[in-house]
There are 2 protein chains.
Amino acid sequence: MLSIANTTSGAGGACPVSAVTRLLGSRWTMQLIHHLRQPRRYSELQALVGEVNPATFTQRLRFLEQQELIMRHEDPEHARHVEYALTPKGRELLPILDALAAWAQKWLLV
Amino acid sequence: MLSIANTTSGAGGACPVSAVTRLLGSRWTMQLIHHLRQPRRYSELQALVGEVNPATFTQRLRFLEQQELIMRHEDPEHARHVEYALTPKGRELLPILDALAAWAQKWLLV
DNA sequence: TTACTTGCTATATTTTTTGTAGTATCATCG
DNA sequence: CGATGATACTACAAAAAATATAGCAAGTAA
């Protein structure tokens, strides 16, 4: 039996889909990861993602860092130069985001 | 000017990932679709998804129906019997949810 | 020196989500 | 036949999340 199937019965506790949405479900998260395909600086990322509020944006970065989906790297030579990059854990979401993007291309942006 | 503007996103308008998150980004949405692998009645779905608030839950169902990801079917014989099911558009998200679940299995649930 | 950029933080306001209660309609049981 | 219970919601106040806007310290460029 598939492990996905038997988790559908519970009250959402151990269901992997609900586990995922606790990580990726809040606003901007998926865009953020998407735009971190290559390492980016704070302001760069902010511009790419769009109309994000800086407080939310920073909070999301901190959360994703804490969950080990991204890494924050501050250049000690030049402070004020901060780069964010995906961890392996985060990088493995990219094919899924690609699939979502393909779905969107097909069904949304015709 | 840097090449930020001519990428897929710019200000988030036409980026397929941001388009997707406008549909799936709010809470419960992905769980909802996941549990609609087979058609379900309102209360059944509610129990599966877990601790959802009924107002949010209904709002989400209405929104997904409006976006044509799910269909609402009311049995005319027995009113009060309502079933929700995925449309083809919605059904094509299931492999992606499977991939997310697999990612969760690997990285989240030991 | 002065102005500007970067990577944030602070605060008040708006929007979303929640908790809890309630309701109309029907079926079923006694 | 009336009481009881389930179903599919709706209503409304309160809590939580997101937003707009302003500001700030440290560095960099002119």
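Reminder, nothing fancy here: chain letters follow the sequence lines and each chain counts from 1.
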### Task
Please determine if a side-chain N or O atom of Ser43(A) lies less than 4.0 Å away from the OP1 or OP2 oxygen of dG7(C).
yes
### Query
Phosphate oxygens OP1/OP2 of dT18(C): is one of them under 4.0 Å from a side-chain N or O of Trp28(B)?
yes
### Query
Between Arg72(B) and dC9(D), does any side-chain N or O lie under 4.0 Å from OP1 or OP2?
yes
### Atom-to-atom span, CD of Gln59(A) to P of dT9(C) - whole angstrom
11 Å
### Query
Can you tell me if the side-chain N/O atoms of Arg60(B) get under 4.0 Å from OP1 or OP2 in dT16(C)?
no
### Message
Salt bridge check, Asp98(B) against Arg37(B): does any charged N sit closer than 4.0 Å to a carboxylate O?
### Response
yes
#### Entry: Value in whole Å for how far the C1' atom of dC26(C) lies from CG of Asp75(B)
13 Å
### Message
How many whole angstroms separate atom CZ of Phe63(B) from atom P of dT17(C)?
### Response
11 Å
### Query
Once you round it to whole Å, what is the distance between P of dA29(D) and NE2 of His81(A)?
13 Å
### Task
Determine yes or no for a side-chain-to-main-chain donor-acceptor pair under 3.5 angstrom, with Arg91(B) supplying the side chain and Leu86(B) the backbone.
yes
### Message
At less than 4.0 Å, is any side-chain N or O atom of Tyr84(A) found next to OP1 or OP2 of dC8(C)? Yes or no.
### Response
yes
### Task
Answer yes or no: does a side-chain N or O of Arg27(A) lie under 4.0 Å from OP1 or OP2 of dT19(D)?
yes
### Summary
Considering only heavy side-chain atoms of Tyr42(A), the closest of dG7(C), dT21(D), dC9(D) is dG7(C)
### Query
Does Arg41(A) place a side-chain N or O at less than 4.0 Å from the phosphate oxygens OP1/OP2 of dT5(C)?
no
### Summary
Whole-Å distance, His73(A) NE2 to dT6(C) P, equals 19 Å
### Query
What integer distance in Å separates Phe57(B):CZ from dT20(C):P?
19 Å
### Message
Taking Glu74(A) first and then Arg80(A), would you say they form a salt bridge - that is, a charged N and a carboxylate O separated by under 4.0 Å?
### Response
no
### Task
Indicate, yes or no, whether a donor-acceptor pair under 3.5 Å links the base of dA18(D) to the side chain of Asn53(A).
no
### Query
Which part of the nucleic acid, if any, lies within contact of Thr56(A), taking any heavy atom under 4.0 Å across all strands shown: a base, the sugar-phosphate backbone alone, or nothing?
base
### Task
Would you please test Lys106(B) and Glu92(A) for salt bridge (charged side-chain N to carboxylate O under 4.0 Å, His left out) and show each step?
CA-CA 10 Å; Lys106(B) 174 169 181 182; Glu92(A) 286 192 28; 3.0 Å; yes
### Query
In whole angstrom, what separates Glu74(A)'s CD from dT6(C)'s P?
16 Å
### Whole angstrom value for the distance that separates P of dG19(C) from CD of Glu51(B)
8 Å
### Phosphate OP1/OP2 of dA29(D): any Arg80(A) side-chain N/O under 4.0 Å
no
### Message
Counting neighbours of CD on Glu44(B) that are heavy atoms of other residues, nucleotides or ligands and sit closer than 6.0 Å, is the number greater than 12?
### Response
yes
